[in-house]
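Working notes, beginning with the structure itself.
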Amino acid sequence: MKLIKNRLEIIRIVKGLRSRGQTVGFVPTMGFLHDGHLSLVKKAKEQNDIVIVSIFVNPTQFGPNEDFEKYPRDLEHDQKLLEGIVDYLFVPSVDQVYLENETVGFKIADELVNCLCGVTRPEHFPGVALVLTKLFNIIRPNRAYFGQKDFQQTVVVKNLVSGLFFDLEVVVCPTVREKDGLAMSSRNVYLSLKERVQAKILYQSLMLAKDLFEAGEEKSEVIIQKMKQLILSQSLAKIDYINICDAETLFGVEKIEKRQVVVALAVNFGRTRLIDNILLP
Ligand code: AMP
């Protein structure tokens, strides 16, 4: 695995690869890697000749009171995890990605971002769209890999790729979980022992939604209320949102009918905000 920090160097390398007809799979991350990230890497390896992972904690996707400064970082550990598996690890500094007087920004359709995580994190998805546009233009991959865990992100990315005519395929991989069901996340390290124990309620609440739906319950409000009750049985849980939305448009649905929906939630445990979701049916 070759570690590259310079934007121009990775551009030169990828040009060479593509001119020799090799396909490139790209896995963008913010590092502090876990098995969720590695599942994307594995999928990328199956589908491409060359795999490039990026690690970049992107400042523009964090709000002013969020955890950009203290976001967990451990490049040495990440390098060890990826060594021998991926071909190139791209780890740019902020000035390799952003100009000193950056003049470019994104506005994303309200329908996609005035819901779910976009409500409390208005800067987040425009920042994600901006950094991914830059990274896609640098790496020019054939395929890019994302986790279902960040479901709204996958919808924003698919719209970005189709709207800006990026010549790449977006591949979404299933959420990888801890043994007790908690979705793996770099932010799980923030949880205290007690918070960590209680956090497994999130997956249990999603399974409750699935059970209710499979037993014939179609009304979103009924399912959401029962999930709320279950989550609030944990003393440290503070619900940000629980929503049931059309999986393609993210419009809220009152009744689960023919189209696939996402049951999505964000819950705070102390200062740690956790998200998770499942698709129904
Ligand atoms: P992050 O480093 O948190 O920005 O995540 C980088 C990529 O890994 C994103 O596409 C995430 O959706 C994906 N990812 C994070 N956690 C998981 C997980 N538990 N299972 C599958 N993919 C994940």
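Whatever order the structure lists ligands and atoms in, that order sets their numbers, starting from 1. If you read the sequence from its start, that first residue is 1, and numbering goes on from there. Not measured: the values here are computed from a predicted model.
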Check: Name the residues with a heavy atom less than 4.0 Å from ligand 1?
Finding: P28, T29, M30, H34, G36, H37, L40, Y71, F146, G147, K149, D150, Q153, P174, T175, V176, M184

Check: Only one of L116, V262, L112 forms a side-chain contact (heavy atoms from CB on, under 4.5 Å) with Q152, so which one is it?
Finding: L116

Checklist line | Spacing of N6 atom CG and R12 atom CZ [to the nearest 0.5 Å] | finding: 9.0 Å

Check: Name the one of L75, L40, D78 that satisfies side-chain contact (heavy atoms from CB on, under 4.5 Å) with L33?
Finding: D78

Notebook entry, point to check: Listed by chain and number, what are the side-chain contact (heavy atoms from CB on, under 4.5 Å) partners of Q229, not counting sequence neighbours?
Noted result: none

Notebook entry, point to check: Does a salt bridge link E83 with K80, judged by any charged N lying under 4.0 Å from a carboxylate O?
Noted result: no

Next item on the list: Please state whether the rings of F26 and F136 are parallel, tilted or perpendicular, taking 30° and 60° as the class boundaries.
Entry: perpendicular

